[in-house]
Amino acid sequence: QVQLAESGGGLVQAGASLKLSCAIIRRGPSAISEHAMAWFRQAPGKDRDFVAVISGSGFYTDYADSVKGRFTISRDNANNKVFLQMNSLKPDDTAVYYCAARRGISDTGATNYDYWGQGTQVTVSS
């Protein structure tokens with residue numbers, strides 16, 4: 001199976017920035033460029049919600065309305081990395097953030113992703 005590992009979470013004040021990283025530790029037979037990569041987040045007692053997605057080539061990106069203009073997803077296929085730059089963080093951004101991968105086109109549904117990291121905690125205080 002493809003193995004993903006997130007890092008970069010932490011406790012910050014509202015208005016601060018964090019950059020999350022997702023490392024593809026192991027991958028299957030398909031090239032990483034064949035996979036859409038996404039970030040989801042889940043607060044305690046809540047559903048796992050879409051945050052951002054980037055196509056295999058990086059040509060296409062999409063964001064949840066709640067993070068548009070504040071978060072930026074990017075990828076470095078040569079180094080097997082995906083990033084999420086988070087600016088102007090709000091307490092409502094507090095959640096465990098998960099990196100996910102699926103072979104093929106970008107998608108915003110968590111159930112359509114096959115590979116997941118263990119998550120990294122982001123806590124934003126007011």
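Note: hydrogens, waters and symmetry copies are ignored here, and every other heavy atom, side chains too, is used.
Listed for the R75 side chain is a donor-acceptor partner under 3.5 Å among the backbone atoms of S55. A donor-acceptor pair is defined here as one N or O able to donate and one able to accept, closer than 3.5 Å; no such pair exists between the side chain of S30 and the backbone of E34. With D93 contributing its side chain and K90 its backbone, the two residues share a donor-acceptor pair below 3.5 Å. Side-chain atoms of E6 do not come within 3.5 Å of backbone N or O of T120 as any donor-acceptor pair. Proximity of a side-chain donor or acceptor of D107 to a complementary backbone N or O of G109 within less than 3.5 Å is detected. In this structure, the side chain of N77 engages the main chain of G56 through a donor-acceptor pair within 3.5 Å.
Looking at every heavy atom in both residues, S17 comes nearest to N87 through OG-OD1, 2.8 Å. Across all their heavy atoms, A95 and Q121 have their closest contact at O-NE2, 3.4 Å. Closest approach of V122 to M86, counting heavy atoms only: CG2-CE, 3.8 Å. Contact detail for S126 and A14: the closest heavy-atom pair is CA-CB, 4.4 Å. Residue V96 comes nearest to G119 through the heavy atom pair CG1-CA, 3.7 Å, listed as atom of the first residue, atom of the second, then distance.
For the pair R41 and Y98, the cation-pi criterion (under 6.0 Å, within 45° of the ring axis) is not fulfilled.
Residue T111 holds its OG1 atom at 9.5 Å from CZ of R102, rounded to the nearest 0.5 Å. Interatomic distance, W116 CH2 to C22 SG, rounded to the nearest 0.5 Å: 11.0 Å. Here OG1 of T94 is found 10.5 Å from NZ of K46. Values are rounded to the nearest 0.5 Å.
Salt bridge K68/D65: present, at least one basic N to carboxylate O contact under 4.0 Å.
Taking the six-membered ring where the residue is Trp, the centroids of F40 and Y113 are separated by under 6.0 Å.
When the side chains of ILVMFWY residues are joined at heavy-atom separations under 4.5 Å, either directly or via intervening members, V51 and V12 end up in a single hydrophobic cluster. A continuous path of hydrophobic side-chain contacts links V2 to W39 [ILVMFWY only; heavy atoms under 4.5 Å].
Two residues are said to be in side-chain contact when any heavy atoms from C-beta on lie closer than 4.5 Å; T72 and Y63 meet this criterion.
More than 12 heavy atoms of other residues, nucleotides or ligands shown are found within 6.0 angstrom of CG on L11. Around the CZ atom of R48, the shell of radius 6.0 Å holds more than 12 heavy atoms that belong to other residues, nucleotides or ligands. Atom CD of Q118 sits in a sparse spot, with 12 or fewer heavy atoms from other residues, nucleotides or ligands closer than 6.0 Å.
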